[in-house]
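The structure under discussion appears below in the form of structure tokens.
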Amino acid sequence: MRASRAALDCLQRLSVRPEAGAGLPAHSPIDASLITELTPASAAQIEQAIAQAAAAFPRWRDTPAPRRGELVRLLGEELRAAKADLGLLVTLEAGKILSEGLGEVQEMIDICDFALGLSRQLAGLTLPSERPGHHMLERWQPLGPVAVISAFNFPVAVWSWNAALALVCGDPVIWKPSEKTPLTALAVQALMARALARFGDAPAHLCQVLQGGRDVGAALAAHPGIALVSATGSSRMGRALSPIVAARFGRALLELGGNNAMIIAPSADLDMAVRAILFSAVGTAGQRCTSLRRLIVHDAVMAPVIERLQGAYASLRIGDPRNADTLVGPLIDAAAGSSFDAALAQAQAEGGALLTGGGRSAGVAGGTYVRPALLAMPEQSAAVRAETFAPILYAMAYHDFEEALALQNGVEQGLSSSLFTLDLREAERFLSASGSDCGIANINIGPSGAEIGGAFGGEKATGGGRESGSDSWKAYMRRQTQTVNYSHALPLAQGVVFG
């Protein structure tokens with residue numbers, strides 16, 4: 001069945017009937033077929049959505065946090081019931097293999113569970129005061145309307161990371177999905193509408209969707225009515241968006257590029273390492289921000305690692321992501337294929353040797369299917385330091401562990417990192433303050449694939465933001481220091497005497 005027909009059938013089962021429009025075509029990367037065309041939000045619609053979110057905020061912030069958590073619990077129930085269809089729609093619109101599409105919906109369910117528990121744990125601090133008869137508190141208050149700008153590679157999970165936390169923290173949410181994956185957003189909005197109907201007394205327009213391209217995201221970033229802009233995308237996008245938000249003293253939570261590395265030490269379990277490399281490098285067709293792009297291997301084990309990888313790459317099943325035996329689906333579009341070709345050409349011009357892969361692979365007619373590429377590089381050249389959103393893995397040799405750390409940290413991005421070793425000293429060195437400079441550091445697992453319980457995000461050109469678990473909820477609230485005087489005196493701090 002054509003992917004477009006399958007997507008429309010899936011939308012119908014999810015009770016979504018998108019209105020036909022113009023200006024925003026929705027294609028399936030499986031065969032490039034047109035599913036439907038939508039109309040981007042106008043400037044007036046953007047203003048209206050922000051005004052509606054502002055109107056919803058006072059009532060939602062005054063709703064007790066555990067009650068707000070009930071809405072997220074109901075959303076989790078709707079997601080459980082719709083998991084099969086929503087996961088399939090992710091596959092049809094983003095090109096992920098089906099197990100990854102289903103896994104993304106499971107991630108949404110997991111963050112709803114996390115946020116439900118969080119709704120009873122938005123704890124502040126009680127602090128001692130130096131003034132007799134006084135006590136101090138730190139409390140977290142709802143922040144205001146939150147704009148979520150998401151990317152195509154995780155078309156629904158990233159929204160849920162933000163929305164589940166923002167909602168329990170007392171904030172309305174406006175979602176600007178990627179223009180490459182608008183239909184999954186409509187499906188999630190329909191599920192949220194069901195949850196809201198069951199909830200019963202939420203303010204109108206608590207969760208909204210605005211479709212469109214960069215201009216819609218830029219308008220949200222510039223608007224003073226948006227308290228927090230949470231944006232996921234490239235480092236280039238972050239550099240453009242961040243000054244716009246900063247100019248109005250708004251808050252930005254940025255999840256940007258990743259050029260992630262794995263170090264393989266001489267003591268590493270090579271069987272485990274190769275399995276980790278394969279998923280990290282070619283999962284989601286190399287289109288994850290946590291995808292493995294740089295492989296730093298001790299020269300003593302470089303030959304066996306490369307030999308095993310060549311065998312593993314040769315066995316990859318590339319094709320229609322709906323098929324159960326497919327491991328690598330299509331790139332998102334033809335432009336991504338051109339970037340793949342250009343990066344390979346540049347790397348080879350810089351001395352790289354193509355060991356396996358490269359070029360196009362047979363897949364579904366119309367889609368952009370490539371053979372994941374493995375290159376041996378003489379150094380960390382310009383091509384290696386740049387992030388290409390495609391399944392390209394650059395292998396480099398090292399001899400001294402400090403040299404490996406320098407290579408690992410020698411790029412502008414700082415998202416995820418990993419080390420395979422059985423040497424405790426190497427592991428602890430990697431995890432120390434002078435080790436990996438990334439937001440995520442793993443030992444004996446790959447850099448790709450994160451659990452919702454930990455804060456997700458990175459440093460440097462990755463933006464510095466944190467989403468999902470741990471105390472990431474604080475980004476969606478404002479901190480207030482409170483002092484209460486329960487005495488009959490009025491002493492001043494620091495011993496100041498006035499009058």
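All of these numbers come straight from a predicted model, not from anything done at the bench.
- Checked by atom type and distance alone, the side chain of N259 never pairs as donor or acceptor with a backbone atom of E412 at under 3.5 Å.
- Residues C289 and E255 fail the side-chain proximity criterion, which asks for heavy atoms closer than 4.5 Å.
- Residue pairs meeting the salt bridge (charged side-chain N to carboxylate O under 4.0 Å, His left out) criterion with at least one partner in residues 260-277, sequence neighbours excluded, are D271-R308.
- The shortest heavy-atom contact between A281 and Y313 is CB-OH, 3.6 Å.
- One finds the CD1 atom of I46 at 6.5 Å from the CG atom of D215 (value rounded to the nearest 0.5 Å).
- Put simply, CG on L191 and CZ on R80 are 13.0 Å apart, with the number rounded to the nearest 0.5 Å.
- Here the closest heavy-atom approach between residue I111 and residue S468 is recorded as CD1-OG, 3.7 Å.
- The shortest non-hydrogen separation linking L292 to M262 is CD1-N, 3.4 Å.
- Side-chain N or O atoms of T388 include none that pairs as donor or acceptor with a backbone N or O of A390 at under 3.5 Å.
- The 12-atom threshold is not exceeded at CZ of R236, counting heavy atoms of other residues, nucleotides or ligands nearer than 6.0 Å.
- A donor-acceptor contact under 3.5 angstrom links the side chains of S267 and T421, judged on distance only.
- Note that CG of N409 and SG of C438 are 6.5 Å apart. Values are rounded to the nearest 0.5 Å.
- Sorted by first and then second residue, the ring pair (Phe, Tyr, Trp, His ring centres under 6.0 Å) pairs with a member in residues 45-70 read W60-F199; sequence neighbours excluded.
- Salt bridge status for E100 with R288: present, with a side-chain N to carboxylate O gap under 4.0 Å.
- Listed by chain and residue number, Q480 satisfy the side chain to side chain donor-acceptor pair (under 3.5 Å) test with Q141 (two or more places apart in sequence, or in another chain).
- In this structure, the side chain of S28 engages the main chain of L92 through a donor-acceptor pair within 3.5 Å.
- Heavy atoms only, all atoms of each residue included: S242 and L254 are closest at CB-CD1, 4.0 Å.
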Kindly determine whether L186 and L14 satisfy side-chain contact (heavy atoms from CB on, under 4.5 Å), including the steps that lead there.
CA-CA 10 Å; L186 295 183; L14 290 163; over 6 Å; no
Begin from the C-alpha positions of Y476 and N162 and carry the test side-chain contact (heavy atoms from CB on, under 4.5 Å) through to its verdict.
CA-CA 9 Å; Y476 307 90; N162 287 274; 2.7 Å; yes
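- A distance-only check finds no donor-acceptor pair linking the side chain of R294 to the backbone of V384 [under 3.5 Å].
- We find the OG-CD1 distance between S339 and I392 to be 9.0 Å, quoted to the nearest 0.5 Å.
- Between W159 and W175, the ring-plane angle classifies as parallel under the 30° and 60° cut-offs.
- Of the possible donor and acceptor atoms, one in the side chain of S417 sits under 3.5 Å from a partner among the backbone N and O of I440.
- In R248, the CZ atom is crowded: over 12 heavy atoms of neighbouring residues, nucleotides or ligands sit closer than 6.0 Å.
- No side-chain heavy atom of T368 sits less than 4.5 Å from a side-chain heavy atom of D333.
- Using a 4.5 Å heavy-atom cutoff, the side chains of P155 and E104 are in contact.
- The stretch residues 45-62 participates, sequence neighbours left out, in no salt bridge (charged side-chain N to carboxylate O under 4.0 Å, His left out) pair at all.
- Between L165 and F114 the shortest side-chain heavy-atom distance falls below 4.5 Å.
- Side-chain atoms of Q121 and W473, non-hydrogen and from C-beta on, never get closer than 4.5 Å to each other.
- Across all their heavy atoms, G258 and L415 have their closest contact at CA-CB, 4.0 Å.
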Step-by-step side-chain contact (heavy atoms from CB on, under 4.5 Å) determination, V216 to Q211:
CA-CA 8 Å; V216 177; Q211 302 282 7; over 6 Å; no
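- Contact check for L405 versus F401: side-chain heavy atoms found under the 4.5 Å cut-off.
- A distance of 10.5 Å separates CG in L122 from NZ in K474, rounded to the nearest 0.5 Å.
- Under 3.5 Å, the side chains of R429 and S434 contain a donor-acceptor pair of N or O atoms.
- Proximity of a side-chain donor or acceptor of T91 to a complementary backbone N or O of K96 within less than 3.5 Å is detected.
- Using modelled atom types, one side-chain atom of R385 and one backbone atom of Q380 make a donor-acceptor pair closer than 3.5 Å.
- Side-chain contact check for I263 versus L407: every heavy-atom pair is 4.5 Å or farther apart.
- One N or O on the side chain of S472 and one on the backbone of E467 form a donor-acceptor pair closer than 3.5 Å.
- Here P29 pairs with P330, I332 under the side-chain contact (heavy atoms from CB on, under 4.5 Å) rule; sequence neighbours left out.
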Taking it one step at a time, do M477 and C169 satisfy side-chain contact (heavy atoms from CB on, under 4.5 Å)?
CA-CA 6 Å; M477 305 196 83; C169 289; 3.6 Å; yes
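- Between Q408 and L419, every side-chain heavy-atom pair lies at or beyond the 4.5 Å cut-off.
- Residues V301 and V297 approach most closely at CG2-CG1, 3.7 Å, considering heavy atoms.
- Within the structure, ring pair (Phe, Tyr, Trp, His ring centres under 6.0 Å) contacts touching residues 216-262 (residues at least two apart or in different chains) do not occur.
- For the atom pair CZ (R293) and OG (S280), the distance works out to 11.0 Å, reported to the nearest 0.5 Å.
- Between the Q208 side chain and the A49 main chain, a donor and an acceptor come within less than 3.5 Å of each other.
- A side-chain donor-acceptor contact under 3.5 Å links T462 to the backbone of G257.
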